[in-house]
Amino acid sequence: MDKRISTLADAVAGVKDGATVMVGGFGGSGAPIELMHALIDRYLATGRPARLTVINNNAGNGHVGIAAMIEQGMVAKVICSFPRSADPRVFTERYLAGEIELELVPQGTLAERIRAGGAGIPAFYTPTGFGTELAMGKPVAEFDGRSYVQERWLKADVALIKAETGDRLGNLTYRMAARNFAPLMAMAATRTIVQVAQLVEPGGIEPEAVVTPGIFVDAVVHVPDPAQEEDLNRSGARHPKVTA
Amino acid sequence: MDKRISTLADAVAGVKDGATVMVGGFGGSGAPIELMHALIDRYLATGRPARLTVINNNAGNGHVGIAAMIEQGMVAKVICSFPRSADPRVFTERYLAGEIELELVPQGTLAERIRAGGAGIPAFYTPTGFGTELAMGKPVAEFDGRSYVQERWLKADVALIKAETGDRLGNLTYRMAARNFAPLMAMAATRTIVQVAQLVEPGGIEPEAVVTPGIFVDAVVHVPDPAQEEDLNRSGARHPKVTA
Amino acid sequence: MTAGLTNAQIAWRAAQDIEDGAYVNLGIGFPEMVTRFQPDGRQAIFHTENGILGFGEAPPPGQEDWDLINAGKKAVTLRPGTAFFDHADSFAMVRGGHLDVAILGAFQVAQNGDLANWSTGPKGVPAVGGAMDLVHGARRVAVLTDHVTRDGRPKLVDRCTLPLTGVGCVTRLYTSLAVIDIEGGRFILREKLPSIRLDDLQLLTGAVLHLDGTPADLSVPEM
Amino acid sequence: MTAGLTNAQIAWRAAQDIEDGAYVNLGIGFPEMVTRFQPDGRQAIFHTENGILGFGEAPPPGQEDWDLINAGKKAVTLRPGTAFFDHADSFAMVRGGHLDVAILGAFQVAQNGDLANWSTGPKGVPAVGGAMDLVHGARRVAVLTDHVTRDGRPKLVDRCTLPLTGVGCVTRLYTSLAVIDIEGGRFILREKLPSIRLDDLQLLTGAVLHLDGTPADLSVPEM
């Protein structure tokens, strides 16, 4: 079994119009910049994939990554907990103009809904959001005298993930807090595409140190020295680059 | 902060009559033999703790560990998925005599109920068990055209856990497949007591390699060279030892 | 009455349908034999409920590590790429539909796909393990079984009379006499031993065997 | 009108109630200042929603590692014993009742413990982050806030008029003028600045301040 794919372009070639795409990361930490930019390049070249629903904790920052996907017009809807950032203009302008849909989900509920999608749990109850606008229309139940909101699982067609180390079986580790949503999204997507900074032979990751077992991974692309969103934004980067 | 406790006896001193006790392990792999035997020693010396409910995947094997707890008369009820083993006589005899209660739970549901207890999820839906005896009396709901059973969280007063490496903050790693239920039980118990084969300084476990973060742990006891249940049973061991 | 396949031969036949790279969970006991018969050039990745993916064969006696066991509590070994994880993640793999195949034993299988394999009734000590999770998780749920009980009664039935493990979950049966798919609430006979006549096979089966073309010969090596 | 405490002084006062070894989550912004004022001999363990427990102070400028950030996306540092984990485990800590204290900001707090701190209404872009989870998870939910809004209206109210973050969740308020507990659906005044009269404090508060004995002096160092 070999899940390696040699180019970013090939890795994202199967993403379809209207797809739901989970994108790993919390702000810039764990953001799979190169995979997202490969998806943008394909869209600019072919017009596809369009009308994406993007699931991430945030809604982009600056003009790279998710912000660039929105800016180039590929994104119809964002499901996130916190669509603010140091430079949220791209999302904000489209949202206020009514050009992009937003489903706002409390952060822990977002994480648990994604995990539920991956774990075959169609619904669960949480105290989070009870009695608030974000629970409106959702079933409510009482357990042991306390009120809870029923939340549904969240799945995706594709997950784009950034990992630190990976092997060709798809076993993954993550760097520090870049882990965040990635292990959950890897479980919840029909096709999980991962960029790894280091590609190792099977056995190169200690069996006890594997964070995402290969069963949750479909494609592995080697991207050494991946860009850090925060660094890109501090340097005023854009994707695609503006040529003078 | 220092969660170390110097003796096994002190570590288990607070377990009360009637307590619900989660015990890590799958068969002998991960079974915290020394903690269980310390609990038995206390019971034989003081008559406490009695009438325990024990939660584990199994119901004991031979005459050590959970089997010994049952044999000595400390256990009123077992919640498990598979009360069979190479030598299940202790449980089997008490069960058939009506002297011990059994709540049989499918293995994945048992794991998920414990995780739910630790994660503040009072109930969730699973396809497991739908239409079977084990779902009788439980609420059923349909999602996306498929039927699911509602299951409730499972919590405990105490968890007894075996880990490989631990620090005084309670950060833990596990050895190979001895991990199994331990990280879940550590989350779901009011008081989590851990025996560690190696005690290290904070920082002695790589931050990315921590499996159970210290927030889920209350007490750490150093037990170098812990006994392996399978080895004990192959040598015909009993606890307490039978003196001629 | 015709001599049926041995357990090992049934396991061999089931192994032929497992694709390279498939993620597979094998039930305790007889289904564990499937690992021995992987066709050359194919390598399935085996999952065990207690938290291992990609483990290897049993170690030589005396070299067991009892922290490295399968769901049947038998010792296994590491391979390059083995991963360990906790029980919640393990059953996320199962329940979340990430396994390609689960292969289990059976007391009874009904033509609607119902499976009974955990309890023979109220006597004795009931034990279920991970079977109820597995039958609702894997993409394909295959059953390995003798075609009839030890006293000659059908195990493939109209309706299960024993307590159910799962409702409408079995997709294919490998028996000592035949290979049978379950589709649309019916048994569809795919292969049968050349030595048994269709009429006789039907007599040993507790519900109608439907045909979808001529059944192929169930052909298994001597072993 | 009396000069109230600065944000730093409010954070200092809140820090005095955090016990050694407590697990604490600090909201984005002003509550983050609490880390600076831990009393000597006490060491809280800080949790951040994005998957770190036991992190340290901000690094010197230029030495940031952008994979090592807090929920406010500010760079933090490692300490001996830091642990990383995924978002599901992180919110298991929150929702599962494993945190001792969550400290958040507020737009409004009602005497029944309702909190509004995420939305000022339908205009603009709504954002909630982890606040709704935190208020229903931690054993103590403390709010740090100016006692009144910038235009002088009460932030401590009879009923919240802004969209709620959580129902009946706040247990203690540290304001620029007072320390107030919420018990049995009432504001209980525990401490007030010596420089403000009780009558005047009541005028700045949108619901009755109950007494449980004489309020202590709210005493905070100059800074």
Side-chain angles (χ1 to χ4, degrees), chain A residues 29-30 106 108-109 111-130 138-155 163-165 172-180 182-184 187 197-198 205-213, chain B residues 29-30 106 108-109 111-130 138-155 163-165 172-180 182-184 187 197-198 205-213:
Chain A
S29 165
T109 298
E112 192 67 12
R113 288 179 64 193
I114 296 168
R115 180 194 175 270
I121 303 290
F124 60 90
Y125 289 93
T126 174
T128 301
F130 174 77
K138 295 180 177 173
V140 163
E142 198 173 293
F143 297 98
D144 309 331
R146 194 172 169 194
S147 296
Y148 296 87
V149 180
Q150 187 192 98
E151 295 281 356
R152 294 296 313 277
W153 63 13
L154 201 50
K155 300 190 186 198
E164 178 64 9
T165 307
L172 306 177
T173 69
Y174 302 93
R175 184 167 180 275
M176 301 205 277
R179 186 181 307 191
N180 56 70
L184 316 176
M187 294 165 64
Q198 297 177 53
I205 305 173
E206 281 295 309
E208 284 146 345
V210 171
V211 176
T212 293
Chain B
S29 164
T109 298
E112 191 67 12
R113 287 179 63 192
I114 296 169
R115 180 193 176 271
I121 304 289
F124 60 89
Y125 289 91
T126 174
T128 301
F130 175 76
K138 293 179 179 173
V140 163
E142 197 172 292
F143 297 98
D144 308 330
R146 193 172 170 195
S147 295
Y148 296 87
V149 180
Q150 186 193 96
E151 294 281 356
R152 294 296 312 276
W153 63 14
L154 201 50
K155 299 189 186 199
E164 179 63 8
T165 306
L172 305 177
T173 69
Y174 303 92
R175 185 167 180 275
M176 299 204 278
R179 187 180 309 189
N180 57 69
L184 316 176
M187 293 165 65
Q198 297 176 54
I205 305 173
E206 280 295 311
E208 284 146 347
V210 171
V211 176
T212 293

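Order of the sequence lines fixes the chain letters, A, B, ..., with proteins taken first and strands second; residue numbering starts at 1 for each chain.
Heavy atoms closer than 4.5 Å to chain A are found in the side chain of B/Glu112, but not in its backbone. There is no contact between A/Arg146 and chain B, counting heavy-atom distances below 4.5 Å.
Taking B/Arg115, B/Arg175, B/Met176 one by one and counting their heavy-atom pairs under 4.5 Å with chain A, the maximum is reached by B/Arg115.
When the side-chain contact (heavy atoms from CB on, under 4.5 Å) test is applied to A/Glu206, the partners found at least two apart in sequence or on another chain are A/Ala209.
The two residues A/Ala177 and A/Ser29 make their nearest non-hydrogen contact at O-OG, 3.2 Å.
With no hydrogens or angles considered, a side-chain donor-acceptor pair links B/Gln150 and B/Tyr125 at under 3.5 Å.
In this structure, the side chains of B/Ile114 and B/Leu154 come closer than 4.5 Å at one or more pairs of heavy atoms.
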